[in-house]
S.K.: 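Shown below is the structure under consideration.
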Amino acid sequence: PVCLATLLAGLGSHNQRTETMNKDQVKGTIKEAAGKVQKEFGKAVDSPKHQIEGGMKEVAGKTQKAVGNIKEDVKDARKDANREAEKRGY
């Protein structure tokens with residue numbers, strides 16, 4: 001059995017520079033956790049269907065979270081570039 005709190009604790013934010021998560025990071029984290037829960041449920045009740053669907057949902061969540069992480073990285077890089085340009089008087 002897997003505790004939901006344990007699952008959520010393992011799904012930490014990728015981007016440590018910002019405290020907020022974007023929409024894709026939030027939705028991806030939720031989807032990933034839901035997939036893990038569904039997969040573990042499938043194991044507990046011996047349901048390959050739930051295990052497979054849960055695994056697919058988990059991967060989809062990880063992918064969506066990765067998209068959100070990339071968006072945040074791009075946004076941070078833009079901010080850094082703008083700060084550097086201002087320092088140099090551009």
Side-chain angles (χ1 to χ4, degrees):
V2 175
C3 172
L4 183 57
T6 303
L7 286 172
L8 293 175
L11 300 174
S13 173
H14 158 76
N15 195 334
Q16 298 299 321
R17 289 182 282 181
T18 60
E19 292 182 20
T20 59
M21 295 171 67
N22 66 34
K23 179 177 68 172
D24 286 312
Q25 289 171 317
V26 172
K27 286 183 175 183
T29 299
I30 292 168
K31 193 180 294 183
E32 180 181 358
K36 284 185 179 187
V37 170
Q38 184 176 4
K39 186 169 68 175
E40 290 301 318
F41 172 79
K43 287 179 186 177
V45 299
D46 194 29
S47 170
K49 177 185 175 200
H50 282 96
Q51 291 178 36
I52 292 167
E53 288 176 358
M56 290 171 32
K57 190 180 290 184
E58 183 180 354
V59 170
K62 286 181 180 184
T63 303
Q64 186 170 11
K65 190 167 65 168
V67 168
N69 292 342
I70 291 167
K71 287 180 179 180
E72 286 300 308
D73 289 344
V74 169
K75 186 170 35 169
D76 290 343
R78 272 194 200 137
K79 286 180 185 177
D80 293 344
N82 286 339
R83 269 189 242 126
E84 188 62 31
E86 285 179 13
K87 281 183 190 176
R88 296 180 183 207
Y90 295 123

S.K.: In terms of hydrophobic clusters joined by side-chain contacts under 4.5 Å, are Val67 and Val26 together?
M.R.: no
S.K.: Sequence neighbours excluded, which residues qualify as side chain to side chain donor-acceptor pair (under 3.5 Å) partners of Glu58?
M.R.: Lys39
S.K.: About how many Å separate NZ of Lys62 and CG of Asn69, when rounded to the nearest 0.5 Å?
M.R.: 12.5 Å
S.K.: List for me each residue that meets side chain to side chain donor-acceptor pair (under 3.5 Å) alongside Asp24, sequence neighbours excluded, and say none if there are none.
M.R.: Gln64, Lys71
S.K.: Can you run down the salt bridge (Lys or Arg N to Asp or Glu O under 4.0 Å) pairs that involve residues 42-57, sequence neighbours left out, and say none if there aren't any?
M.R.: Glu40-Lys43
S.K.: Between Glu86 and Arg83, does any NZ, NE, NH1 or NH2 come within less than 4.0 Å of an OD or OE carboxylate oxygen?
M.R.: no
S.K.: Just grab all the ring pair (Phe, Tyr, Trp, His ring centres under 6.0 Å) pairs involving residues 54-87, residues at least two apart or on different chains.
M.R.: none
S.K.: Sequence neighbours excluded, which residues qualify as side-chain contact (heavy atoms from CB on, under 4.5 Å) partners of Lys87?
M.R.: Glu84
S.K.: Do Gln25 and Asn22 come close enough that some side-chain heavy atom pair is under 4.5 Å?
M.R.: yes
S.K.: State the CG-NZ distance between Asp80 and Lys75, to the nearest 0.5 angstrom.
M.R.: 12.5 Å
S.K.: Sequence neighbours excluded, which residues qualify as side chain to side chain donor-acceptor pair (under 3.5 Å) partners of Arg78?
M.R.: none
S.K.: Once you round to the nearest 0.5 Å, how far does CD of Glu72 lie from CD1 of Ile70?
M.R.: 11.5 Å
